[in-house]
Structure formats: structure tokens, C-alpha cells
Amino acid sequence: MSAREPSAAPLVLGIESSCDETAVALVRAPGEVLGHALASQGETHRRFGGVVPEVASRRHLETLDPLVIEALARAGRPLEAVDAVAVTAGPGLIGAVLVGVSYAKGLAYALGVPCVAVHHLEAHVAAALLAEPAPAFPFLALVVSGGHTSLYRAEAGLRFTELGRTIDDAAGEALDKGAKMLGLPYPGGPEVERLARGGRPDAVAFPRAWLGGRSDFSFSGLKTALRVHLAKARPDPEAYPDVAASYQEAVVDVLAAKAVRCAVAEGLERIVVVGGVAANGRLREVLAQRAGAAGCAVTVPAPALCTDNAVMVAAAGARLLDRGQTADLDLDAYARAPLAEARR
Ligand code: KG4
Ligand code: ZN
């Protein structure tokens with residue numbers, strides 16, 4: 001007898017391996033999480049102060065098989081119950097993405113089920129669509145991660161129009177680099193947040209790049225300002241919480257202000273914030289206050305669904321599968337590709 005559940009909504013296995021998290025999830029369309037397993041490589045890369053691409057690829061290779069077994073065991077389903085395999089096809093570290101794509105294609109072929117190619121940023125947005133109640137399209141999506149900081153107009157069908165982006169560092173990158181200067185380990189975002197809890201956000205006047213009201217972002221000047229502050233003011237370690245809180249505040253202030261202004265200008269009543277930096281408590285707090293004052297609602301996924309995970313890949317995959325957007329076996333991994341072109 002087949003293990004498939006023909007009358008039920010399809011079971012989608014999601015695979016994420018685009019950077020330093022390996023993750024596998026089994027989701028019943030459109031978004032019921034049946035099982036999720038994740039192996040963070042943070043410890044592995046920590047001693048290098050950042051992600052080493054070749055090391056990341058090898059770790060993905062080692063951990064994918066056990067994670068598939070673990071996710072299915074948690075879901076209480078056999079491999080044969082899987083109706084489709086969704087995978088992050090990019091953007092990301094090309095070797096890392098390639099491991100996931102090759103694995104997903106092989107698995108889908110062996111099971112005789114479709115493979116669905118997901119753009120990493122549409123997966124991040126799909127995490128927010130799992131909220132109860134789900135945010136209605138159209139909305140403004142603020143995507144803030146280690147590699148991206150962008151504003152999009154999001155329409156039904158996971159179609160995105162880019163309204164602004166960083167012209168240099170991503171917000172997560174600014175936090176990671178700032179953390180390193182403060183002697184904190186990688187990944188720096190959560191470490192800065194932790195240290196900042198004991199500090200005053202107005203202690204150091206770090207600069208904000210407003211870019212003349214544009215919806216673009218710039219964080220490289222802020223990073224330089226931190227370097228200069230540490231070299232010139234030479235704060236002693238007791239003052240580091242103040243420095244961390246002020247640095248975090250400069251990032252959060254710009255993200256929140258630009259997102260709200262952009263939503264109002266676009267006539268959008270909801271802001272959806274996704275990506276690793278969306279896990280930041282101060283960003284969630286400040287954005288909720290400012291958006292509320294401007295008459296906008298905010299949706300942010302639970303912190304565990306903000307950072308890279310496979311639930312979001314399976315959830316995006318389920319939506320694409322529903323629209324018949326499956327991939328052929330010649331599907332290739334890609335290092336870069338604008339989200340706005342993913343579903344044209
Ligand atoms: O989305 P993500 O997990 O991976 C990428 O696609 O890049 O985002 C990772 C980024 C890192 O820069 C990390 O420092 C940051 O998200 N991050 C945070 C927090 N948790 C992760 N930044 C600030 N506060 C956090 N709690
Ligand atoms: Zn990500």
C-alpha cells in the first residue's frame with residue numbers, strides 16, 4: 001500500500017542549505033509544520049570569525065541525511081509519504097546551495113515526486129505567511145538578513161517589486177562586523193542584542209544614513225564610526241553595553257523609519273519583517289511603535305522562523321506547488337538573483 005495520503009493536502013519536504021544552517025522540514029500544505037530538524041554550524045565557523053564557504057558545504061553534505069531522517073521521525077511519516085521536495089536554489093554560498101539542490105533533485109527523482117525551487121528571500125517572506133492570521137497581500141516586506149537588506153512591495157503569488165536596498169553592507173552584516181569589533185563571537189546579531197540589554201541606546205551618537213529620503217540603506221559609515229569610536233574614545237569594557245545599545249539603535253532606527261515611510265508612501269497598511277535580523281527584539285519593538293503611530297500593522301514571524309530554517313522553504317514550496325511551479329531536473333543552484341525576478 002502506498003504511504004501517500006492522496007485525499008490530504010500535499011506533504012512538502014523543505015531543504016535549506018544556503019549558508020551556515022542545514023535544515024529539513026516536513027510541512028502539510030499550506031503551512032502545517034509536521035516535523036523540523038536543524039543543525040546550526042555557528043560553533044564550527046565561530047573560530048574563523050565568519051562563515052567559511054568550503055567548510056559550510058562539507059557540513060551540509062554530512063548533515064542532510066541525518067536531518068531528513070530526524071524531521072520525518074518527528075513528523076511520524078515515512079519518506080514515501082513525501083509528495084514534493086522544495087529546496088533553496090539561491091541566492092547564497094554557491095557550494096552550499098549546490099549541495100541542497102543536488103540532494104533535493106536526487107531525492108525527488110528517487111521518490112518520483114516534483115522538485116520545487118525556492119528563492120531564499122521568498123522563503124523568508126513565506127515564514128511570515130504562516131502567522132495567524134496570515135498577512136493579506138499587498139504588503140511592504142522588509143527583508144533583513146546577513147546578506148540582504150531590502151524593501152519590497154509584495155503581491156499575491158509571491159510577486160515582489162523592489163523599492164529599496166542596501167547600497168553597501170546588509171544590516172545583519174553591520175551587526176556581525178560591529179560585534180567582532182566589540183570582541184563578541186559570530187554570529188554577532190544576537191550577541192549585540194544581548195550586550196545591548198544592559199546599555200543606553202542614546203549613550204553614543206552614531207550616524208544614520210538617511211540618503212536624502214530614499215528607500216535605500218547604507219551601513220558602512222556606521223561600521224566605520226564604531227571603529228573610530230573604539231579607537232578614539234577607548235571606552236572601557238564596562239561601557240560596552242552602552243556602545244552596543246547605541247550601535248544597535250542606529251541600525252534599528254534607520255530600518256524602522258525607512259520601512260514606515262516607504263509603507264505610507266506606497267499606501268500599504270501592513271509591514272512584514274523577515275530574515276535573521278527580524279529576530280531582534282529592539283527592532284520588533286521600535287517598528288511596532290512607529291508603524292502603529294503611522295496606522296500600519298506589523299507582522300513578524302516567531303524568532304526561530306526569522307533566522308534560516310526549512311519550514312519557510314517548505315511553506316514557500318507548498319505555495320509554488322499549488323500553482324504548478326515545479327522545477328525540471330536541470331535545475332541549477334545560483335549564487336545571486338534578484339527576488340523581483342523570481343516569479344516573472
Ligand atoms: O536570515 P539569516 O539567518 O541568514 C541569512 O540569510 O543571512 O540572517 C542571519 C543574520 C546574521 O547577520 C545574524 O547576526 C542576524 O541575522 N541575526 C540577528 C539576530 N539573530 C540573527 N541580528 C540581530 N538580532 C538578532 N537577535
Ligand atoms: Zn536567510
- Return the minimal non-hydrogen interatomic distance between L26 and A75, and the atom names on each side. CD2-CB, 3.7 Å
- Message: Applying side chain to side chain contact (heavy atoms under 4.5 Å, CB included) to L320 and R343, what does each step give before you reach the verdict?
- Response: CA-CA 10 Å; L320 299 174; R343 302 291 152 209; 3.2 Å; yes
- P303 vs R284 side-chain heavy atoms within contact, under 4.5 Å: yes
- Got a sec: does the CZ of R290 have more than 12 other heavy atoms crowding it under 6.0 Å? yes
- Do Y240 and V192 share a hydrophobic cluster (ILVMFWY, side-chain heavy atoms under 4.5 Å, transitive)? yes
- Message: What verdict does the salt bridge (Lys or Arg N to Asp or Glu O under 4.0 Å) test give for K223 and D169, after you've listed the backbone C-alpha separation in whole Å, the side-chain angles of each residue and the deciding distance to 0.1 Å?
- Response: CA-CA 9 Å; K223 188 182 63 188; D169 293 348; 2.8 Å; yes
- Report yes if some heavy atom in the side chain of L222 is under 4.5 Å from a heavy atom in the side chain of P207; otherwise report no. yes
- Any sub-3.5 Å donor-acceptor pair from Y152's side-chain atoms to G164's backbone N or O? no
- Query: Where is the tightest heavy-atom contact between L321 and P114, given as atom of each residue plus distance?
  - Reply: CD1-CG, 4.0 Å
- For the side chain of N280 and the backbone of E193, is there at least one donor-acceptor N/O pair under 3.5 Å apart? no
- Go through the steps to decide whether T22 and T63 satisfy the test side-chain hydrogen bond (donor to acceptor under 3.5 Å, both in side chains), and finish with yes or no. CA-CA 7 Å; T22 327; T63 43; 3.2 Å; yes
- Task: Identify whether V99 and V52 are in the same connected component of the hydrophobic contact network (ILVMFWY, side-chain heavy atoms under 4.5 Å).
- Result: no
- Item | Parallel, tilted or perpendicular: ring planes of F139 versus F137, cut at 30 and 60 degrees | parallel
- Item | Min side-chain heavy-atom separation E21-Q41 under 4.5 Å | no
- Message: As a quick check of understanding, evaluate side-chain hydrogen bond (donor to acceptor under 3.5 Å, both in side chains) for Y186 and D20, giving each step before the final call.
- Response: CA-CA 11 Å; Y186 172 85; D20 60 345; 3.0 Å; yes
- Message: Would you say that V313 contacts I15 through its side chain, given a criterion of any heavy-atom pair below 4.5 Å between the two side chains?
- Response: no
- Contact check, side chains of R200 and S246, non-hydrogen atoms, under 4.5 Å: no
- Applying salt bridge (Lys or Arg N to Asp or Glu O under 4.0 Å), run through E249 and R282 and close with a yes or a no. CA-CA 8 Å; E249 196 69 8; R282 183 65 185 152; 2.8 Å; yes
- Close side-chain approach of R214 and C262, heavy atoms under 4.5 Å: no
- H119 side chain to A337 main-chain N or O, any donor-acceptor pair under 3.5 Å? yes
- Note on the structure: Here the gap from L67 atom CG to S17 atom OG, rounded to the nearest 0.5 Å, amounts to 10.5 Å
- Task: For D168 and S218, run side-chain hydrogen bond (donor to acceptor under 3.5 Å, both in side chains): C-alpha distance rounded to whole Å, both residues' side-chain angles, the deciding distance at 0.1 Å, then the answer.
- Result: CA-CA 6 Å; D168 42 54; S218 167; 2.6 Å; yes
- Taken in chain and number order and not counting sequence neighbours, the residues that satisfy side-chain contact (heavy atoms from CB on, under 4.5 Å) with A335 are I94
- Test side-chain hydrogen bond (donor to acceptor under 3.5 Å, both in side chains) applied to Q325 and R319, step by step: CA-CA 9 Å; Q325 299 196 345; R319 284 177 177 261; over 6 Å; no
- Shortest non-hydrogen pair, G31 vs L130, comes out as CA-CD2, 3.5 Å
- Item | Evaluation steps, side chain to side chain contact (heavy atoms under 4.5 Å, CB included), between L72 and V82 | CA-CA 9 Å; L72 289 169; V82 170; 4.1 Å; yes
- Donor-acceptor contact below 3.5 Å, side chain D65 vs main chain V68: no
- Query: Rounded to the nearest 0.5 Å, what separation is found between the CG atom of D308 and the OG atom of S145?
  - Reply: 7.5 Å
- Task: Supply the atom-to-atom distance R59 CZ to E43 CD, rounded to the nearest 0.5 angstrom.
- Result: 10.5 Å
- Message: Can you classify the ring geometry of H229 versus F206 as parallel (below 30°), tilted (30 to 60°) or perpendicular (above 60°)?
- Response: perpendicular
- Counting only N and O atoms by type, is there a donor-acceptor contact under 3.5 Å from the side chain of K105 to the main-chain atoms of L329? yes
- Message: Using modelled atom types and a 3.5 Å cut-off, is there a donor and acceptor pairing between side-chain atoms of D242 and backbone atoms of G199?
- Response: no
- Message: Please evaluate residues L151 and F217 with respect to the criterion side chain to side chain contact (heavy atoms under 4.5 Å, CB included), reporting the C-alpha separation (whole Å), side-chain torsions for both, the decisive distance (0.1 Å), and the verdict.
- Response: CA-CA 10 Å; L151 287 165; F217 300 91; 3.8 Å; yes
- Side-chain donor/acceptor of H124 to backbone N/O of G276, under 3.5 Å: no
- Message: How about CD on E266, more than 12 heavy atoms from neighbouring residues, nucleotides or ligands closer than 6.0 Å, or not?
- Response: yes
- Message: So if I apply the side chain to side chain contact (heavy atoms under 4.5 Å, CB included) rule between P138 and each of R153, R159, E269, which one comes out positive?
- Response: R153
- Task: State yes or no: do V85 and V33 share one hydrophobic cluster built from I, L, V, M, F, W and Y residues joined by side-chain heavy-atom distances below 4.5 Å, directly or via other members?
- Result: no
- Is there a side-chain contact between L111 and L79, using heavy atoms and a 4.5 Å cut-off? yes
- More than 12 heavy atoms from other groups under 6.0 Å of CZ on R323: yes
- Task: Kindly work out whether a path of hydrophobic side-chain contacts (I/L/V/M/F/W/Y, heavy atoms less than 4.5 Å apart) joins V277 to L195.
- Result: yes
- Query: Would V118 and L158 show up in the same hydrophobic cluster when neighbours are defined by side-chain heavy atoms closer than 4.5 Å?
  - Reply: yes
- Output, in order, the C-alpha distance, side-chain angles, deciding distance and verdict of side chain to side chain contact (heavy atoms under 4.5 Å, CB included) for S102 and L98. CA-CA 6 Å; S102 310; L98 193 56; 4.1 Å; yes
- Out of V12, V27, L11, which residue meets the side chain to side chain contact (heavy atoms under 4.5 Å, CB included) rule with L34? L11
- When you measure from the side chain of K180 to the backbone N and O of L175, does any donor-acceptor pair fall under 3.5 Å? no
- Message: Is any side-chain heavy atom of L339 closer than 4.5 Å to one of E122?
- Response: yes
- Query: Looking just at side-chain N and O atoms, do E16 and N309 make a donor-acceptor pair shorter than 3.5 Å?
  - Reply: no
- Message: Atom CZ of residue position R58 - does it have more than 12 heavy atoms of other residues, nucleotides or ligands inside 6.0 Å?
- Response: no
- Query: What closest approach, in Å, do A278 and L283 show between heavy atoms, and which atom pair accounts for it?
  - Reply: CA-CD2, 4.3 Å
- Message: I need the minimum non-hydrogen distance between A310 and H36, along with the two atoms involved.
- Response: N-NE2, 3.3 Å
- Item | From V252, D253, V251, residue fulfilling side chain to side chain contact (heavy atoms under 4.5 Å, CB included) relative to L255 | V251
- Query: Can you name the nearest heavy-atom pair linking A259 to L287, along with the distance?
  - Reply: CB-CD1, 4.2 Å
